[in-house]
Trainee: 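Take a look at the following structure, please.
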Amino acid sequence: MAYETILVENRDAVALITINRPKALNALNALVFQELERALSAIDADEEIAAVVLTGSEKAFAAGADIKEMADLDFSAAYNTDYVAHWQNVTRHSKPIIAAVAGYALGGGCELAMMCDIVIAAENARFGQPEINLGTIPGAGGSQRLIREIGKSKAMEMILTGRMMNAEDAERANLVSRVVPLENLIDEALRIGNEIAQKSQPIVAMAKEAVNVAYETSLAEGLRFERRAFYATFATDDRAEGMTAFTEKRSARFSHR
Ligand code: DAK
């Protein structure tokens with residue numbers, strides 16, 4: 001499939017998607033999201049691929065939504081077209097997405113990283129929600145997801161001052177799961193993806209769905225969902241194989257059924 005703004009390649013069982021607008025520091029325009037959506041849908045349908053790594057360049061994961069594209073937008077146009085509402089679609093795909101962040105992840109870039117399932121960062125990563133400096137506020141989940149990731153005080157400080165957070169602070173604040181040297185970033189993200197690829201794909205999808213439900217529901221509803229999904233794993237061949245393999249002291253051979 002041909003794309004203009006992203007590169008897609010398969011590395012073993014992991015698809016590597018690279019946002020590729022280097023001259024604009026990977027600013028996210030409408031085409032990036034259309035292409036990302038097409039690529040993620042194709043990956044969902046590809047049984048050979050078990051996980052996705054989403055990355056940018058060494059200088060920028062993404063420096064935000066494309067300000068030049070947004071500059072002339074007025075309220076009616078933004079509201080009537082529900083401008084970039086489809087960004088959310090990134091969270092609807094079943095295969096785990098690992099964001100490998102180097103350089104700037106600002107505004108929509110930080111929001112895109114937070115839409116992914118796992119975020120790992122290079123030592124030079126900088127996270128921020130600088131919309132306040134543009135006279136606007138986060139529009140793709142920044143004010144909602146950031147508070148769940150790093151808590152109210154830190155989220156408020158980032159959103160109200162527009163100040164950036166470095167990789168070390170992002171790890172301490174739980175915005176990222178780990179920080180690695182820049183030169184190891186992609187290998188480390190692919191390693192996580194390939195580790196996930198050893199598991200049963202439907203069970204991974206159920207686990208991802210269960211964790212994400214915690215974002216959207218009360219604890220009681222979340223626990224109910226988790227229990228139902230747990231029972232559902234008992235309808236799969238892979239659950240039987242996993243437990244049989246354990247009792248036979250061998251590695252499981254999952255059939256993804
Ligand atoms: N948009 C468009 N172009 C950008 C850009 C952006 N966000 N960020 C950088 N660029 C372009 C620059 O204009 C420049 O292009 P030329 O002038 O060379 O043509 C090129 O990338 C290199 O940038 P700089 O020369 O500025 O590079 P520096 O190293 O000096 O500075 C920087 C790097 C990242 C600190 C700086 O570029 C910067 O402050 N960029 C803007 C960061 C920002 O404010 N990001 C937040 C954007 S607002 C929504 C969903 C999402 C959003 C809203 C609604 N809905 C679902 C409703 C999101 C909003 C945002 O993200």
Side-chain angles (χ1 to χ4, degrees), residues 4-7 17-38 40 54-93 97 99-116 119 121-150 154-167 169-170 175-176 182 185 212 215-216:
E4 253 180 65
T5 62
I6 59 173
L7 305 170
I17 303 181
T18 307
I19 305 167
N20 188 32
R21 299 189 70 213
K23 288 188 185 145
L25 297 185
N26 288 334
L28 303 165
N29 62 12
L31 188 58
V32 173
F33 272 92
Q34 282 163 24
E35 294 193 337
L36 203 47
E37 180 55 23
R38 259 174 54 213
L40 290 171
L54 177 62
T55 195
S57 68
E58 291 189 356
K59 183 160 184 200
F61 176 72
D66 191 320
I67 300 169
K68 293 166 188 167
E69 190 181 71
M70 276 192 300
D72 294 330
L73 210 63
D74 61 16
F75 170 75
S76 318
Y79 188 83
N80 292 341
T81 58
D82 207 357
Y83 179 68
V84 287
H86 53 273
W87 278 39
Q88 256 321 88
N89 290 347
V90 171
T91 64
R92 301 211 178 97
H93 293 278
I97 307 177
V101 177
Y104 297 112
L106 303 179
C110 185
E111 290 167 318
L112 177 60
M114 288 191 288
M115 286 180 211
C116 296
V119 185
E123 285 163 344
N124 73 340
R126 311 278 303 272
F127 297 85
Q129 297 288 164
E131 290 89 342
I132 200 91
N133 299 328
L134 300 168
T136 185
I137 70 167
S143 67
Q144 304 302 301
R145 287 202 176 90
L146 199 56
I147 191 171
R148 288 165 166 80
E149 311 270 341
I150 67 176
K154 282 189 164 70
M156 278 288 191
E157 191 176 329
M158 281 176 78
I159 289 167
L160 300 185
T161 67
R163 208 180 295 148
M164 295 184 209
M165 187 181 256
N166 66 27
D169 288 342
L175 185 53
V176 308
L182 178 59
L185 179 68
N212 280 331
Y215 260 112
E216 288 156 15

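All values below were derived from every heavy atom in this structure, side-chain atoms included, with hydrogens, water molecules and symmetry-related copies excluded. Ligands are counted one by one from 1 in listed order, and the atoms in each one are counted from 1 as well. Note that the structure is a prediction, hence the values are computed from the model and not measured.
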Trainee: Can you tell me how the ring of F33 sits relative to the ring of W87, calling it parallel under 30°, perpendicular over 60° and tilted otherwise?
Mentor: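 F33 vs W87 ring planes: parallel.
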Trainee: Could you tell me whether K59 approaches ligand 1 through its side chain, its backbone, both or neither, with non-hydrogen atoms closer than 4.0 Å?
Mentor: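 K59 to ligand 1: side-chain contact only, backbone stays beyond 4.0 Å.
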Trainee: Return yes or no for this condition: an N or O of W87 is under 3.5 Å from an N or O of ligand 1.
Mentor: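 There is no such contact.
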Trainee: More than 12 heavy atoms of other residues, nucleotides or ligands under 6.0 Å from CG of L7: yes or no?
Mentor: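 Counting neighbours around CG of L7, more than 12 heavy atoms of other residues, nucleotides or ligands fall under 6.0 Å, so yes.
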Trainee: Roughly how far, to the nearest 0.5 Å, is OG of S57 from CG of L25?
Mentor: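 If I round to the nearest 0.5 Å, the distance is 7.0 Å.
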Trainee: Taking 4.0 angstrom as the limit and counting only heavy atoms of L106, give me the atoms of ligand 1 inside it, by number and element.
Mentor: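 In order of number, 34 (C), 42 (C).
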Trainee: So if I count the atoms of ligand 1 from 1 in the order they appear, which ones are less than 4.0 Å from some heavy atom of K23?
Mentor: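 The list of qualifying atoms is 15 (O), 20 (C), 21 (O).
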Trainee: Considering residues, nucleotides and ligands other than R38, do more than 12 of their heavy atoms fall under 6.0 Å from its CZ?
Mentor: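 Yes - once you tally the heavy atoms of other residues, nucleotides and ligands closer than 6.0 Å, there are more than 12.
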Trainee: Any idea which heavy atoms bring T5 and V32 closest together, and the distance?
Mentor: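 The answer is OG1-CA, 3.3 Å.
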Trainee: Taking all non-hydrogen atoms of both residues, which atom of R148 and which atom of Y215 are closest, and how far apart?
Mentor: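 What the structure gives for the nearest pair is CD-CD2, 3.4 Å.
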Trainee: If the cut-off is 4.0 Å to any non-hydrogen atom of K68, which atoms of ligand 1 fall inside it?
Mentor: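 Once the distances to K68 are compared, the set is 12 (C), 13 (O), 15 (O), 16 (P), 17 (O), 19 (O).
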Trainee: Any N or O on M164 sitting closer than 3.5 Å to an N or O of ligand 1?
Mentor: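 No: no nitrogen or oxygen of M164 is under 3.5 Å from one in ligand 1.
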Trainee: Just jot down the ligand 1 atoms closer than 4.0 angstrom to any heavy atom of D66, in number order.
Mentor: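 Numbered from 1, ligand 1 contributes 1 (N), 2 (C).
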Trainee: May I ask you to check if ligand 1 and A27 share an N or O to N or O distance below 3.5 Å?
Mentor: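 By distance alone, the answer is no.
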Trainee: Out of G64, A63, G107, whose heavy atom sits nearest atom 43 (C) of ligand 1?
Mentor: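 Looking at heavy atoms only, the winner is A63.
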Trainee: Can you find an N or O of L134 that's nearer than 3.5 Å to an N or O of ligand 1?
Mentor: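 So ligand 1 has no N or O lying under 3.5 Å from an N or O of L134.
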Trainee: Report the member of C110, A71, G139, G142 with the shortest heavy-atom distance to atom 49 (C) of ligand 1.
Mentor: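 Of the listed residues, G139 has the closest heavy atom.
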Trainee: Quick check: are there more than 12 heavy atoms from other residues, nucleotides or ligands sitting under 6.0 Å from CG of D72?
Mentor: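 No - once you tally the heavy atoms of other residues, nucleotides and ligands closer than 6.0 Å, there are 12 at most.
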Trainee: Check each heavy atom of E111 against ligand 1 and say whether those closer than 4.0 Å belong to the side chain, the backbone, both or neither.
Mentor: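 Under 4.0 Å from ligand 1, E111 contributes side-chain atoms alone.
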Trainee: Charged N to carboxylate O below 4.0 Å: is that the case for D66 and R21?
Mentor: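 A salt bridge links D66 with R21.
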Trainee: If we set the cut-off at 4.0 Å for heavy atoms, which region of P130 has an atom near ligand 1: side chain, backbone, both, or neither?
Mentor: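 The side chain, only.
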Trainee: Purely on distance, is any nitrogen or oxygen of G109 under 3.5 Å from one on ligand 1?
Mentor: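 In fact, backbone or side chain, G109 has no N or O that close.
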Trainee: Nearest 0.5 Å please: distance from the CD atom of Q129 over to the CD atom of E111.
Mentor: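 Spacing of CD (Q129) from CD (E111) equals 4.5 Å.
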Trainee: Taking only heavy atoms of G108, which atoms of ligand 1 are found under 4.0 Å from at least one of them?
Mentor: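 Counting atoms of ligand 1 from 1, those under 4.0 Å from G108 are 58 (C), 60 (C), 61 (O).
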